[in-house]
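Throughout, numbering of the chain's residues begins at 1 and tracks the sequence.
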Amino acid sequence: MADDTGDSLQIVPFATVDDLAARWRVLTDSEKRQAENLLDDASDLIRTTCRAYAGVPLSTLKRVTCAVVKRAMLAGGDAAGISQHTETAGSYSESYSYSNPAGDLYLTAAEKTSLGVKRQRAFSIDMSTGKVDI
């Protein structure tokens, strides 16, 4: 998958352009170049946000990486990036609200849960011995 030890300057993204296209749609050549950069950035976001990413299945890492990149790429003229639309017939009026107008890379709460971030755990500590039971 990747050499994340710091000994290598190249870190392999969790997903490829083909993975993104298979989950979304056929990409143009310029979109493919954009997607390559965003896949690198999204993989870095996951590595820095979810320190235990090595224990997450590759299929989950691939799915989340593609979802993050798709969201960022929808921040354009595509109507799929719109979270709210208003249309009026008399004196024609139309307005849109984009869910991610700047095209930022971010992880949703559900994606963070899939990656093991913010999972709740119960445990107890025996105050006399200091033993922790998970």
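- Residues Trp24 and Asp19 have side chains not in contact (no heavy-atom distance under 4.5 Å, counting atoms from C-beta outward).
- Within the cation-pi definition used here (under 6.0 Å to the ring centroid, within 45° of the axis), Arg63 does not qualify as a partner of Phe14.
- Counting heavy atoms from C-beta outward, Tyr53 and Leu115 have side chains that stay 4.5 Å or more apart.
- Remark: Thr28 pairs with Ser30, Glu31 by the side-chain contact (heavy atoms from CB on, under 4.5 Å) rule, at least two apart or across chains.
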Going through the distances and angles, do Ile125 and Lys131 end up as a side chain to side chain contact (heavy atoms under 4.5 Å, CB included)? CA-CA 6 Å; Ile125 300 174; Lys131 181 181 175 191; over 6 Å; no

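- Glu36 places no side-chain N or O within 3.5 Å of a backbone atom of Arg33 that could act as its donor or acceptor partner.
- Counting heavy atoms from C-beta on, the side chains of Val56 and Val64 never come closer than 4.5 Å.
- In this structure the side chain of Arg47 reaches within 4.5 angstrom of the side chain of Ile11, judged on heavy atoms.
- Smallest separation of non-hydrogen atoms from Val69 and Ala42: CG2-CB, 3.8 Å.
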Give the intermediate values and the outcome of side chain to side chain contact (heavy atoms under 4.5 Å, CB included) for residues Ile46 and Thr65. CA-CA 8 Å; Ile46 291 169; Thr65 302; 3.3 Å; yes

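- Val17 and Val26 sit in two unconnected hydrophobic clusters of ILVMFWY residues. Membership requires side-chain heavy atoms under 4.5 Å apart, directly or through other members.
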Apply side chain to side chain contact (heavy atoms under 4.5 Å, CB included) to the pair Arg51 and Val117, showing each step before the final yes or no. CA-CA 9 Å; Arg51 297 291 181 179; Val117 176; over 6 Å; no

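- Between the Arg71 side chain and the Tyr106 main chain, a donor and an acceptor come within less than 3.5 Å of each other.
- Taking the side-chain contact (heavy atoms from CB on, under 4.5 Å) definition, one finds that Asp40 meets it with Pro13, sequence neighbours left out.
- With sequence neighbours excluded, the residues forming a side-chain contact (heavy atoms from CB on, under 4.5 Å) with Thr48 are Asp44, listed by chain and number.
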Stepwise, does the side chain to side chain donor-acceptor pair (under 3.5 Å) test hold for Thr16 with Asp18? CA-CA 5 Å; Thr16 65; Asp18 290 338; 4.9 Å; no

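- Between Cys66 atom SG and Leu38 atom CG the span is 11.5 Å, to the nearest 0.5 Å.
- For Ser43 (side chain) and Leu39 (main-chain N/O), a donor-acceptor pair under 3.5 Å exists by modelled atom type.
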Given Met73 and Gln34, is the side chain to side chain contact (heavy atoms under 4.5 Å, CB included) satisfied, shown in steps? CA-CA 8 Å; Met73 291 182 72; Gln34 179 188 16; 3.6 Å; yes

